[in-house]
Amino acid sequence: DSGVTQTPKHLITATGQRVTLRCSPRSGDLSVYWYQQSLDQGLQFLIQYYNGEERAKGNILERFSAQQFPDLHSELNLSSLELGDSALYFCASSATGGTGELFFGEGSRLTVL
Amino acid sequence: AQKITQTQPGMFVQEKEAVTLDCTYDTSDPSYGLFWYKQPSSGEMIFLIYQGSYDQQNATEGRYSLNFQKARKSANLVISASQLGDSAMYFCAMREHNNAGNMLTFGGGTRLMVKP
């Protein structure tokens, strides 16, 4: 158990819809990262927050947005969903300093039909 | 250019044999870290091993060791005495000191299959 909690674990929805994925980082971790893993692909970095502020942005679509709340949990919002958005979405957190190891949640598997 | 390259999409290894999974990286940052993660079929990402760019010795963690060749920019994972439970996807990743967010950049992965 990494200590990172993601909900929901599975989500099935239709094209054009909007979903919200939720992540609670490990206790004490200020950084939250979102990654997307499409079928049999590597992990693509989407966005990172540090203590409520956006820190870095990767290949995140304009239809996607995220935020980190004062209690440090984060949400990833995916809107106007397309078939190609079907993927496993990971949240990870890391401690300040150290090696930079990311602790991953179990992922949220999104299926868009 | 790809920052992390894993050239072996899939590999087979006989149980109890050793196996090497290749990883090469590209960076101009003198300070960076290299990681290996395991992703079993259940989907979770499991941290295996870490190597810092300034570490003098190759990292080891139990049956995992990292063959770090800085001049060649390679960071191969060696798994000794393979077990059936080692069958999984393996990802190499890099963190560059100068990137704003401290995120990891991942390679495309290698699927390892251990034969009984």
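First the proteins, then the strands, lettered A, B, ... as listed; each starts at 1. The analysis underlying the following values was restricted to heavy atoms, covering all of them including side chains, and did not include hydrogens, waters or symmetry mates.
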Would you mind checking which part of [X] comes under 4.5 Å of any heavy atom in chain B, side chain (CB onward), backbone (N, CA, C, O), both or neither?
X     : answer
A/L43 : both
A/Y35 : side chain
A/Y50 : neither
A/Q44 : neither

Sequence-distant partners of B/F91, ring-ring contact (aromatic ring centres under 6.0 Å, His included), two or more places apart: none
B/Q39, part contacting chain A, at a heavy-atom distance under 4.5 Å: side chain
B/Y37 and B/F106 aromatic ring geometry - parallel, tilted or perpendicular at 30°/60° bounds: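 Aromatic pair B/F106/B/Y37 classed tilted.
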Parallel, tilted or perpendicular: ring planes of A/F104 versus A/F90, cut at 30 and 60 degrees: perpendicular
Proximal to chain B - members of residues 57-86 of chain A, heavy-atom separation under 4.5 Å: none
Remaining members of the apolar cluster that contains A/L113, side-chain heavy atoms under 4.5 Å: A/I12
Disulfide bond (SG atoms under 2.5 Å apart) contacts touching residues 81-113 of chain A (sequence neighbours left out): A/C23-A/C91
Under 3.5 Å donor-acceptor, B/D55 side chain and B/Q57 backbone: no
Trace of the side-chain contact (heavy atoms from CB on, under 4.5 Å) decision for B/V78 with B/V19: CA-CA 6 Å; B/V78 181; B/V19 63; over 6 Å; no
Test: B/E96 and B/K3 ion pair at under 4.0 Å: yes
